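Take a look at the structure set out below.
Chain naming here is simple, since letters A, B, ... match the order of the sequence lines and numbering starts at 1 in each. All figures in this text were calculated on a predicted structure; none of them were measured in a lab.
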Amino acid sequence: MHKDTPPPIHPGDASKKISGEPLYGFVPRRVTARQVQAALDGDVNPFNKLPHSAQYKKILEVRKKLPVHVQMAEFYEMFIKHQMIVIVGETGSGKTTQIPQFVCYSDLPHAKGKLVACTQPRRVAAMSVAKRVADEMDVTLGKEVGYSIRFEDMTEPGTTFLKYMTDGMLLREAMNDPDLNRYSTIILDEAHERTLATDILMGLLKHVARRRPELRLIIMSATLDAQKFQRYFSINKDSPAPLFKVPGRTHPVEIFYTQEPEPDYVEAAIRTVLMIHRAEDEGDVLLFLTGEEEIEDACRKIKIEADDLLNQDPDAVGPLICIPLYSSLPPAQQQRIFDPPPPRRNPDSPAGRKVIVATNIAETSLTIDGIVYVVDPGFSKQKVYNPRIRVESLLVSPISKASAQQRAGRAGRTKPGKCFRLYTEKDFMKELEDQTHPEILRSNLANTVLELVKLGIKDLVRFDYVDAPAPETLMRALELLNYLAALDDEGNLTALGGIMAEFPLDPQLAKMLIVSPDFKCSNEILTIVSMLSVPNVWLRPNNQRKEADQAKALLTIPDGDHLTLLNVYNSWMQNLKDPNWSWSNYISQRALLQAENVRQQLESTMVRFEVDLVSVGDGPKLYQRVREALVCGFFMQVAHKEEKNYVTIKDSQQVSLHPSCGLDTQPEWVLFNEFVLTTRPYIRTVTVVNPEWLLRDAANYYDIDSWKDNEVKRSLLRVKNKLLGRKGDGPPLKKKPKT
DNA sequence: GAGCACTGC
């Protein structure tokens with residue numbers, strides 16, 4: 001289609017606000033660095049024809065000092081010649097802000113109704129980078145430059161030509177436009193993070209690029225795995241995709257290792273922080289630990305020891321504050337990391353020091369300036385997936401070399417720093433993996449497989465993954481989707497599956513939401529699904545556990561935790577006038593507001609696919625229909641009481657009710673939302689179900705005659721026979737016409 | 001009788 005060179009831009013076809021066309025002579029994809037430099041230095045903004053502001057010129061001077069700016073000519077030479085490019089650049093190179101702008105000057109998307117997209121793994125990054133780039137380009141955010149993230153579309157169709165967005169958002173768009181025809185160039189940023197969405201997009205875009213020769217693809221990454229991407233995006237085996245390298249702009253960080261392995265990394269970490277405090281020059285400390293409990297504990301201990309030091313010898317050390325940082329902290333408390341260190345006690349005594357004790361959140365999501373010392377024990381909590389028992393769990397595991405490098409880099413943002421690694425150099429070299437395993441190898445892929453099928457991928461096992469997941473993981477996902485009737489026995493998407501994929505939900509939740517109108521309770525299921533999609537709503541402050549548990553008991557519905565969640569949301573809604581309601585009930589206001597947001601989004605998707613929003617009756621009858629609807633999504637997550645404990649059906653896993661469970665008895669059959677493996681295997685968010693519903697609403701799965709003989713099978717057979725007896729000689733179990 | 005690494009739709 002675009003075999004011929006498109007016509008250059010000529011004056012006269014644009015606005016008459018100011019005479020002269022800044023992009024005169026620009027030929028799409030033939031644009032040179034000299035032309036762009038001239039346009040940048042011009043007085044008129046080529047994209048909105050307004051005069052450049054004073055602020056623009058000021059920012060332009062700063063931009064020109066970025067490492068990537070010097071390489072503009074090199075970039076255009078490569079961009080003209082190659083369809084796919086890999087860019088590596090460390091922090092501070094300016095690649096995220098500048099490369100998309102370079103591309104715009106070459107693509108001229110505004111002149112042909114196209115867009116340039118740049119993806120980010122995180123929402124805040126998409127927003128803040130878009131804001132910065134809008135300023136740099138001297139345009140209003142949401143007009144020429146915008147962003148698109150869940151719950152917020154800051155773009156204007158027809159006007160926006162540079163769009164920052166989350167990778168998940170672009171993947172969503174691909175589901176309805178598999179060739180992503182709106183985009184002239186797609187830039188995947190932070191590709192080294194290997195999020196699920198980025199990985200799927202890479203596989204997808206590699207093939208879209210074959211179908212659309214005029215599409216340009218840029219993969220941007222931190223240094224370590226560039227070669228992997230170059231090989232993956234090679235045109236043929238012998239010519240890897242070209243590499244464009246941008247130097248970073250950070251300060252050197254000196255690395256120290258321990259001589260011997262540390263048996264207790266938390267203790268060693270605390271000791272190291274105090275050693276820094278006593279012996280090192282002024283500068284803040286960042287300590288990486290694995291989770292909330294560990295962090296709070298370490299903060300307490302560091303504080304006690306530092307106060308001791310100060311009391312013993314007030315002239316030898318300065319005052320110290322210790323600030324915890326993890327994602328479940330309320331935003332106001334997270335802000336404390338930007339507080340200044342405590343002041344000197346008097347002009348001659350040592351400077352104060354700020355110590356931040358953080359999870360991995362400080363490795364990627366949050367950057368803190370002023371850190372000079374990093375303490376890295378070498379561990380983080382990582383998700384692992386066991387396809388055999390279909391369980392995702394969190395395990396404290398050694399980090400990768402790439403992660404260790406990233407952590408060390410946090411010490412060199414404002415001046416030269418030091419990083420203390422609490423492991424030996426030999427262990428770093430020999431024991432640590434190069435890269436953290438990509439998410440696709442560590443996750444339950446039910447959702448991803450449904451997305452891929454919706455994207456038209458026929459053969460999931462042979463899809464061109466950057467790293468292919470274990471076949472068993474794919475099989476488990478296909479099996480689940482087949483039982484949910486999202487896929488037929490040949491693996492084709494069903495009509496139901498097509499709608500399920502449109503909901504930003506796990507397949508089980510999507511399924512039960514879509515069938516819930518049959519049970520006249522979609523309003524209630526919608527609320528429950530929303531509550532299950534947000535973080536835990538229950539607050540339990542350490543010093544008020546008893547009060548919190550009492551408040552929870554008042555909101556508890558004994559038939560099931562799902563009903564309790566429904567009750568919490570409805571009670572909150574009924575008490576909106578009372579601003580203290582959530583607080584006095586030990587409920588997280590933040591989580592409820594999120595649930596409300598999710599609920600609105602899901603409701604609009606329901607409207608789009610004509611899933612009725614109904615609510616009939618109230619009291620026990622309504623609650624029973626809600627529990628029946630739950631079965632339609634979660635019939636595979638059912639446990640049977642045997643002697644003292646529960647056993648999951650089919651997998652025969654021994655499980656216990658989680659202590660947070662609100663059931664007042666131990667019913668024979670329960671359905672659970674999740675299986676968690678902590679100190680013991682637990683099932684969490686649990687509701688009583690009637691075994692007859694299992695046989696009726698999930699007959700395909702409860703094909704019990706073929707099951708191996710055990711207590712679960714015998715119990716279900718008794719239920720089945722009783723049902724048959726009751727129904728006489730009519731058709732035994734009428735399956736509801738739903739799927 | 002116990003948690004919740006971190007994202008994203």
Reckon [X] has a side-chain N or O less than 4.0 Å from the OP1 or OP2 of [N]?
X: A/Thr195; N: B/dG8; result: no
X: A/Arg194; N: B/dT7; result: no
X: A/Ser365; N: B/dC6; result: no
X: A/Thr364; N: B/dC6; result: no
X: A/Tyr326; N: B/dA5; result: no
X: A/Thr359; N: B/dC6; result: yes
X: A/Arg684; N: B/dC4; result: yes

**Asked** Are A/Leu663 and A/Thr665 close enough that some pair of their side-chain heavy atoms sits under 4.5 Å apart?
**Response**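 No, too far: nothing below the 4.5 Å cut-off.
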
**Message:** Contact between A/Phe634 and A/Leu509 at the side-chain level, heavy atoms closer than 4.5 Å - yes or no?
**Reply:**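 The answer is yes; the side chains approach within 4.5 Å.
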
**Prompt:** Using 4.0 Å as the upper bound for N to carboxylate O, is an ion pair formed by A/Arg421 and A/Asp427?
**Reply:**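 Between A/Arg421 and A/Asp427 there is no salt bridge, as every charged N stays at least 4.0 Å from the carboxylate O atoms.
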
**Prompt:** Any ion pair linking A/Asp297 and A/Arg300 (charged N to carboxylate O, less than 4.0 Å)?
**Reply:**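 Counted as a salt bridge, because a side-chain N and a carboxylate O are separated by less than 4.0 Å.
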
Check every strand shown and say whether [X] touches a base, only sugar-phosphate, or nothing at a heavy-atom separation below 4.0 Å.
X: A/Thr166; result: sugar-phosphate
X: A/Ile149; result: sugar-phosphate
X: A/Arg540; result: base
X: A/Arg172; result: base

Could you check how far [atom1] of [X] sits from [atom2] of [N], rounded to whole Å?
X: A/Glu674; N: B/dA2; atom1: CD; atom2: C1'; value: 13 Å
X: A/Glu193; N: B/dA5; atom1: CD; atom2: P; value: 19 Å
X: A/Arg442; N: B/dA5; atom1: CZ; atom2: C1'; value: 9 Å
X: A/Asn645; N: B/dG1; atom1: CG; atom2: C1'; value: 13 Å
X: A/Ile440; N: B/dG8; atom1: CD1; atom2: P; value: 19 Å
X: A/Asn536; N: B/dA2; atom1: CG; atom2: P; value: 16 Å
X: A/Phe675; N: B/dG3; atom1: CZ; atom2: P; value: 13 Å
X: A/His192; N: B/dC6; atom1: NE2; atom2: C1'; value: 14 Å

**A/Asn543: side-chain hydrogen bond (donor to acceptor under 3.5 Å, both in side chains) partners, not counting sequence neighbours** =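 If we apply the side-chain hydrogen bond (donor to acceptor under 3.5 Å, both in side chains) test to A/Asn543, skipping adjacent residues, there are no hits.
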
**Item:** With sequence neighbours excluded, residues passing side-chain hydrogen bond (donor to acceptor under 3.5 Å, both in side chains) with A/Asp434
**Value:**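 Residues passing side-chain hydrogen bond (donor to acceptor under 3.5 Å, both in side chains) with A/Asp434: A/Lys401.
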
Quick one: which of [options] gets closest to the side chain of [X]?
X: A/Arg545; options: B/dG3, B/dA5, B/dG8; result: B/dG3
X: A/Ile361; options: B/dA5, B/dC6, B/dG3; result: B/dC6
X: A/Thr679; options: B/dG8, B/dG3, B/dA5; result: B/dG3
X: A/Pro504; options: B/dC6, B/dC4, B/dC9; result: B/dC9

**Message:** Test salt bridge (Lys or Arg N to Asp or Glu O under 4.0 Å) on A/Lys381 and A/Glu294; report intermediate values, then the result.
**Reply:** CA-CA 11 Å; A/Lys381 277 192 192 169; A/Glu294 214 174 75; over 6 Å; no

**Given DNA chain B, 5'-ward residue of the pair A/Ser148 and A/Asn360, judged by closest heavy atom** =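 It is A/Asn360, whose closest nucleotide lies nearer the 5' terminus.
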
**Request:** Please figure out whether A/Ser533 or A/Gln382 has its closest DNA chain B nucleotide nearer the 5' end.
**Result:**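 Comparing both residues, the 5'-ward one is A/Gln382.
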
**Request:** Could you list by number each residue of residues 290-301 of chain A showing a heavy-atom separation from DNA chain B of less than 4.0 Å, or answer none if no residue does?
**Result:**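 Nucleic-acid contacts, sorted: A/Thr290, A/Gly291, A/Glu292.
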
**Request:** For atom CD of A/Glu293, decide whether the heavy atoms of other residues, nucleotides or ligands shown that lie under 6.0 angstrom number more than 12.
**Result:**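 For A/Glu293, atom CD is not crowded (no more than 12 foreign heavy atoms under 6.0 Å).
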
**Message:** Between A/Ser582 and A/Gln589, is the side chain to side chain donor-acceptor pair (under 3.5 Å) condition met? List the steps.
**Reply:** CA-CA 6 Å; A/Ser582 13; A/Gln589 167 89 356; 2.5 Å; yes

